[in-house]
Amino acid sequence: MGESKTNSSKMRLYNERRERLYINRSERQRLLDAAPTLPLNWHALLLTLIYTGCRASETLELTPGNLQADDGVIAIRSLKKRKDAIIMREVPIPDELCAVLTRVEEQNDLSRSDAYWPISRKTVWRVVKQVMRDLDITGAHANPKGLRHGFGIQNIQSGIDLGTVCELMGHSNVEITVIYTRAVGSDLRERISRAW
């Protein structure tokens with residue numbers, strides 16, 4: 001009987017062609033700077049992906065009922081964890097995202113149960129890839145999954161503990177999340193540069 005493999009064996013920061021699979025800090029900032037220039041729905045979608053680290057499919061399930069604007073939290077159903085169980089995770093979000101989601105709700109006259117984005121997962125990928133192409137962000141990381149990986153790395157490099165990042169991302173165990181500790185951030189580079 002062979003050993004069982006965890007999902008951590010599938011998680012990686014580079015693909016087999018040695019291409020990076022996550023957005024870095026400067027790319028993230030370029031996306032945040034460009035987001036307000038997009039149509040409101042795409043602005044909200046991009047900010048949601050960047051600030052929550054949720055999967056594209058999880059984003060499509062979000063409704064005004066998931067937003068707790070007074071507390072600055074959005075509840076996301078973890079779609080990849082369990083077959084029958086409904087597992088929600090609450091992710092703190094900045095006031096900017098709360099305000100943009102509220103504007104989407106008002107502009108589109110959404111009920112608490114209407115999806116913010118009644119589109120397909122394929123459309124999410126197409127929109128995100130186009131925005132990235134327009135900003136000259138290209139490569140294997142230029143997609144919603146690259147935003148998700150970037151969220152994990154950003155949080156680890158900002159000093160958020162591994163267990164909390166695991167919860168925020170909806171991973172089933174911390175062994176999956178540990179991959180994000182392998183990315184070298186500017187703070188590590190700065191500390192090491194003192195030895196140069």
Checklist entry - Where the side chain of N155 meets the backbone of V165, is there a donor-acceptor pair that is under 3.5 Å apart? => result no
Checklist entry - Where is the tightest heavy-atom contact between N15 and E19, given as atom of each residue plus distance? => result ND2-OE1, 2.7 Å
Checklist entry - Between Y22 and Y14, how do the two ring planes meet: parallel, tilted or perpendicular, split at 30° and 60°? => result perpendicular
Checklist entry - Do the charged groups of E27 and R20 touch, with an N to O distance under 4.0 Å? => result yes
Next on the checklist: Hydrophobic clusters here meaning ILVMFWY residues chained together by side-chain heavy-atom distances under 4.5 Å, can you tell me if I179 and I160 are in one?
Outcome noted: yes
Checklist outcome for this item: Tightest non-hydrogen contact, residues I50 and F151, listed as O-CD1, 3.4 Å
Item to check | Donor-acceptor under 3.5 Å (T177 side chain, L162 main chain) | outcome: no
Next on the checklist: Less than 4.5 Å apart, side chain to side chain, heavy atoms only: is that true for L135 and D33?
Outcome noted: no
Item to check | Least distance between heavy atoms, E61 atom then N66 atom | outcome: O-OD1, 3.8 Å
Next on the checklist: Using 0.5 Å steps for rounding, measure from the CG atom of L67 to the OG1 atom of T102.
Outcome noted: 5.5 Å
Next on the checklist: If I take atom CD1 from residue I74 and atom CG from residue L97, how far apart are they, to the nearest 0.5 angstrom?
Outcome noted: 6.5 Å
Checklist entry - Can you tell me how far the CH2 atom of W117 sits from the CG atom of L62, to the nearest 0.5 Å? => result 5.5 Å
Item to check | Contact summary for L49 and C54, nearest pair of heavy atoms | outcome: CD2-O, 3.7 Å
Checklist entry - Is the backbone N or O of S111 less than 3.5 Å from a side-chain atom of D114, with the two atoms forming a donor-acceptor pair by type? => result yes
Checklist entry - Looking only at atom types and distance, does a side-chain atom of D161 sit under 3.5 Å from a main-chain N or O of G163, one as donor and one as acceptor? => result yes
Item to check | Gap between atom CD1 of I76 and atom OG1 of T52 - 0.5 Å precision | outcome: 4.0 Å
Checklist entry - Mind checking whether V91 and V73 have side chains closer than 4.5 Å, heavy atoms only? => result no
Checklist entry - Under the 3.5 angstrom rule, does the side chain of R148 hit a backbone N or O of G53 as a donor-acceptor pair? => result yes
Next on the checklist: Using the rule that Ile, Leu, Val, Met, Phe, Trp and Tyr join whenever any side-chain heavy atoms are under 4.5 Å apart, tell me whether W125 and I119 fall into a single cluster.
Outcome noted: no
Item to check | Heavy-atom side-chain contact between Q157 and R25 under 4.5 Å | outcome: yes
Next on the checklist: Using side-chain heavy atoms (C-beta onward) and a distance below 4.5 Å, is C98 in contact with I93?
Outcome noted: yes
Checklist entry - Within a strict 4.5 Å, meaning less than it, do heavy atoms of the I87 and R77 side chains meet? => result no
Checklist entry - Going through the checks in order, is the side-chain contact (heavy atoms from CB on, under 4.5 Å) test met by V124 and T59? => result CA-CA 9 Å; V124 173; T59 306; 5.7 Å; no
Item to check | Derivation and outcome, side-chain contact (heavy atoms from CB on, under 4.5 Å), residues W42 and V131 | outcome: CA-CA 9 Å; W42 302 142; V131 169; 5.7 Å; no
Item to check | Gap between atom CG of L32 and atom CD of E96 - 0.5 Å precision | outcome: 7.0 Å
Item to check | Minimum heavy-atom distance C166-V174, with the two atoms named | outcome: SG-N, 3.7 Å
Checklist entry - Which pair of heavy atoms, one from L168 and one from P92, lies closest together, and at what distance? => result CD2-CD, 3.7 Å
Item to check | Linked, directly or transitively: L60 and L110 (ILVMFWY side chains, under 4.5 Å) | outcome: yes
Next on the checklist: Please evaluate residues N173 and I176 with respect to the criterion side-chain contact (heavy atoms from CB on, under 4.5 Å), reporting the C-alpha separation (whole Å), side-chain torsions for both, the decisive distance (0.1 Å), and the verdict.
Outcome noted: CA-CA 6 Å; N173 65 62; I176 298 168; 3.8 Å; yes
Checklist entry - Is L21 linked to V128 within one hydrophobic cluster, defined over Ile, Leu, Val, Met, Phe, Trp and Tyr using a side-chain heavy-atom separation of less than 4.5 Å? => result no
Checklist entry - In terms of hydrophobic clustering (I, L, V, M, F, W, Y; side-chain heavy atoms under 4.5 Å; direct or indirect links), are L31 and L40 co-clustered? => result yes
Checklist entry - Do other residues, nucleotides or ligands put more than 12 heavy atoms under 6.0 Å from D70 CG? => result no
Checklist entry - Does the side chain of I153 come within less than 4.5 Å of I156's, by heavy atoms? => result no
Item to check | Working for side-chain contact (heavy atoms from CB on, under 4.5 Å), residues Q68 and E90 | outcome: CA-CA 9 Å; Q68 301 167 38; E90 292 186 342; 3.2 Å; yes
Item to check | Separation between NE2 of H149 and OH of Y180, rounded to the nearest 0.5 Å | outcome: 4.5 Å
Checklist entry - Is there side-chain contact between L46 and V127, with at least one heavy-atom pair below 4.5 Å? => result no
Checklist entry - Any side-chain heavy atom of P36 sitting closer than 4.5 Å to one from H43? => result yes
Next on the checklist: Between D136 and R133 (side chain of the first, backbone of the second, donor and acceptor by atom type, cut-off under 3.5 Å), is there such a pair?
Outcome noted: no
Item to check | Carboxylate-amine/guanidinium contact R89 E58, below 4.0 Å | outcome: yes
